[in-house]
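Please read these numbers as outputs of a predicted model, since none were measured by experiment.
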Amino acid sequence: IPHNNTFPLQKPTIISASISSEILQLFIFFFFLMLSKSLPSSPAFRIDTKTKTSFAKILQSFFSIQNPRAWILFIVLFIQILLFFNLRRLPTPVALHHHHFPTRLALTQTAAIHNGTVLDSSPTIDNNDQCGSGRVFVYDLPKFFNQEILDNCDNLNPWSSRCDALSNDGFGQSATGLAGIIPENLLPSWYWTDQFVSEIIFHNRILNHKCRTMEPESAAAFYIPFYAGLAVGKYLWLNSSTAKERDRHCEIMLTWLQEQPHYKKSKGWDHFLTMGRISWDFRRSKDEDWGSSCIYKPGLRNITRLLIERNPWDYFDIGIPYPTGFHPDSYSDVIRWQSFVRERRRNSLFCFAGAPRRTFRNDFRTILLNQCRESGGSCRTVDCTGSRCFNGTSAITETFLDSDFCLQPRGDSFTRRSIFDCMVAGSIPVFFWRRSAYFQYQWFLPDEPGSYSVYIDRDAVKNGTSVKAVLESYTKEEVSNMREKVIEYIPRMVYAKHSKGIDGVKDAFDFAMEGVFTRFKEQLQPGFHKWK
């Protein structure tokens, strides 16, 4: 747990005050010395002129009380000396991640830490400089690119309606099925949230962002509220869909965008959007391949893209957390949830929620499931065959809450929503591919992978390494430390319920916005190269 919220101000203040006092005493001494020269009748201060040298006479004349130049000299010197020592009292610049001056909220959080609750190491929002990083302008896109897509929620899926999943500003239906599993006072903050709704969540939040501006000339960032993932999603599972259909919304949007003056001015470098699916759904190279080719369109080349899975080798892709079911409404919601998962009694060493991929040769998930079944009761499983675990189930949440570790093999791609479901429940993720998290979510997860997770090489597991034996090798203290780091970072992994966020706590959206402003500021530095 970092204890970086104090700064040793008192000692330098006392030293500087003492020095200033001594200087003042010295000045008073010189003042009375000069004053004595104007009182020749006082024998105590009379000077024997017979012993003076010519040089002394010159000095006496210069420092005479009647000489205005002497007063000017003493006053200037006195002011300079005072300035010198008082300037030394000012704190030197320090990196924010090393020292935080304690605000009232920070002191409250420090007290909370001592009472068994922990927030992320930088959860507070500086109310004195809320928009120091810049302001964001939100394009007023035609509703064809967002609202009309939501209005047609019945037709976004070839199998069933998605209207329930997209309701409540994208959070979905209330998770009443979790009653009895999570604290009753936290139940209103839980929903059956779909994993592909980040476009809706970000749009609602950014419209209410404290640094939103209606004047594009004052903006440092430009947001494009295009629901790219929802637009293409309806075509991904239709064998009859054409490449032109899958690219239609993106092409029309880029045609509109390229006519905007601020896009023309920057060529898109200060623009960003949320694409609510994995990067590979927008990287079709050939017409007969999967997905759309939106990312490969020239107009999108320089635009920063927020995705639930990024291409680690594409600068413009930024990985953001998958939406989970927990959407806290207040600071106290976060504190209560962190305390709950910390104090939860966990009866299983590890768990796995998922389904085998029987069509894959040497399916790695099948290997993990077999090890789980042979663990002698140390592992719990949740069978997610078919759509049993669609948007989460009470069985998944309860399993993660009851387990020290949760196995996280790759999903249909390198990442899976289960990674964040697991950590929000206070369980420690076990990865078998580094690209599942370490190369994905740098803005949201700790810098040191071993501080919050376990990595086991998948080839070693295929060759007989026991996952149970590896996890049992960790001491109780090591497990506790890793869990504490996971719990500390929960605020970064969740999206707040309120459209204006949570007062005093930064959630995943806030950290995403900070990251966008920071990267746009870096792009303005002289050493940053931009292609045309």
Side-chain angles (χ1 to χ4, degrees), residues 141-179 187-205 207 225-250 252-253 273-278 280-282 290-292 294 307-309 321-327 353-355 382-397 411-413 416-418 420-421 495 497 499:
L141 275 182
K143 293 183 179 181
F144 171 78
F145 299 109
N146 41 58
Q147 188 58 50
E148 287 186 11
I149 295 174
L150 293 182
D151 293 341
N152 289 296
C153 56
D154 279 326
N155 300 315
L156 295 181
N157 189 313
W159 303 289
S160 60
S161 170
R162 295 202 64 199
C163 293
D164 285 347
L166 304 182
S167 63
N168 289 323
D169 294 330
F171 295 151
Q173 299 293 295
S174 297
T176 54
L178 292 177
L187 198 57
S189 295
W190 278 86
Y191 296 81
W192 298 128
T193 302
D194 189 90
Q195 63 180 332
F196 298 128
V197 294
S198 57
E199 296 158 344
I200 305 173
I201 293 174
F202 269 75
H203 190 191
N204 289 334
R205 286 290 297 278
L207 288 177
F226 169 44
Y227 295 174
L230 294 177
V232 73
K234 65 178 294 184
Y235 300 107
L236 294 177
W237 310 103
L238 294 175
N239 293 330
S240 60
S241 68
T242 65
K244 186 175 182 179
E245 287 177 318
R246 284 173 272 160
D247 291 344
R248 178 171 173 249
H249 280 82
C250 182
I252 298 174
M253 185 277 293
L273 81 166
T274 308
M275 305 179 81
R277 302 186 68 91
I278 65 174
W280 318 106
D281 288 344
F282 307 99
W290 170 271
S292 83
C294 191
L307 304 121
I308 52 178
E309 178 176 325
Y322 280 78
T324 68
F326 182 42
H327 303 285
V382 178
D383 185 2
C384 290
T385 303
S387 59
R388 295 179 186 177
C389 299
F390 182 68
N391 292 341
T393 68
S394 56
I396 290 178
T397 303
D412 294 325
S413 59
R416 57 200 301 246
R417 177 231 175 102
S418 176
F420 294 96
D421 290 333
Y495 297 94
K497 182 177 182 178
S499 60

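Residues M253 and F144 have side chains not in contact (no heavy-atom distance under 4.5 Å, counting atoms from C-beta outward). F145 has its side chain within reach of I252: a pair of non-hydrogen atoms, C-beta onward, lies under 4.5 Å apart. C153 places none of its side-chain heavy atoms less than 4.5 Å from the side chain of L230. No side-chain heavy atom of T193 sits less than 4.5 Å from a side-chain heavy atom of Y322. With contacts defined as side-chain heavy-atom distances shorter than 4.5 Å, the pair W237/N157 does not qualify.
E199 contributes a side-chain N or O that, together with a main-chain N or O of G276, makes up a donor-acceptor pair within less than 3.5 Å. Of the possible donor and acceptor atoms, one in the side chain of Y495 sits under 3.5 Å from a partner among the backbone N and O of P321. When atom types are taken as modelled, the side chain of K497 and the backbone of F171 share no donor-acceptor pair closer than 3.5 angstrom. Side-chain atoms of S394 never come within 3.5 Å of backbone atoms of L178 as a donor-acceptor pair (strictly under, hydrogens ignored). In terms of modelled atom types and a separation under 3.5 Å, the side chain of R246 and the main chain of V232 share no donor-acceptor contact.
Here the CZ atom belonging to R277 is positioned 11.5 Å from the CG atom belonging to L307, to the nearest 0.5 angstrom. Rounding to the nearest 0.5 Å places NE2 of H249 at 10.0 Å from CG of N146. A distance of 7.0 Å separates OG of S240 from CD of E245, quoted to the nearest 0.5 Å. The structure places OG1 of T397 at 6.5 Å from CG of D421, a figure rounded to the nearest 0.5 Å. Atoms OG and CG, from S413 and D281 in turn, are 8.0 Å apart once rounded to the nearest 0.5 Å. Rounding to the nearest 0.5 angstrom, the gap separating the OG atom in S189 from the OH atom in Y191 is 7.0 Å.
A centroid separation of less than 6.0 Å is found between the aromatic rings of H203 and Y227.
The shortest non-hydrogen separation linking V382 to A395 is CG2-O, 3.9 Å. For the pair C384 and A353, the tightest heavy-atom approach, listed with the atom from each and the gap, is SG-C, 4.2 Å. A pairwise comparison of heavy atoms in Q173 and S167 identifies NE2-OG, 2.9 Å as the closest pair. The nearest pair of heavy atoms linking L238 to P158 is CD2-CB, 3.7 Å. Shown here for D247 and C294, the closest heavy-atom pair between the two residues is OD1-N, 4.4 Å.
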Test side-chain contact (heavy atoms from CB on, under 4.5 Å) on N152 and K234 and set out the steps.
CA-CA 11 Å; N152 289 296; K234 65 178 294 184; over 6 Å; no

Assess the residue pair I278 and D412 against the criterion (side-chain contact (heavy atoms from CB on, under 4.5 Å)); give the C-alpha distance rounded to whole Å, side-chain angles, the decisive distance to 0.1 Å, and a yes or no.
CA-CA 10 Å; I278 65 174; D412 294 325; over 6 Å; no

Run the numbers on I201 and T274 for side-chain contact (heavy atoms from CB on, under 4.5 Å), then give the verdict.
CA-CA 10 Å; I201 293 174; T274 308; over 6 Å; no

Using the rule given for side-chain contact (heavy atoms from CB on, under 4.5 Å), can you reason through F226 versus C250, listing the C-alpha separation, both sets of side-chain angles and the distance that settles it, and then say yes or no?
CA-CA 8 Å; F226 169 44; C250 182; 4.3 Å; yes

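One finds a salt bridge joining R162 and D194 here, because a Lys/Arg side-chain nitrogen approaches an Asp/Glu carboxylate oxygen to under 4.0 Å.
No hydrogens or angles considered: a donor-acceptor pair under 3.5 Å links the side chains of D154 and S161.
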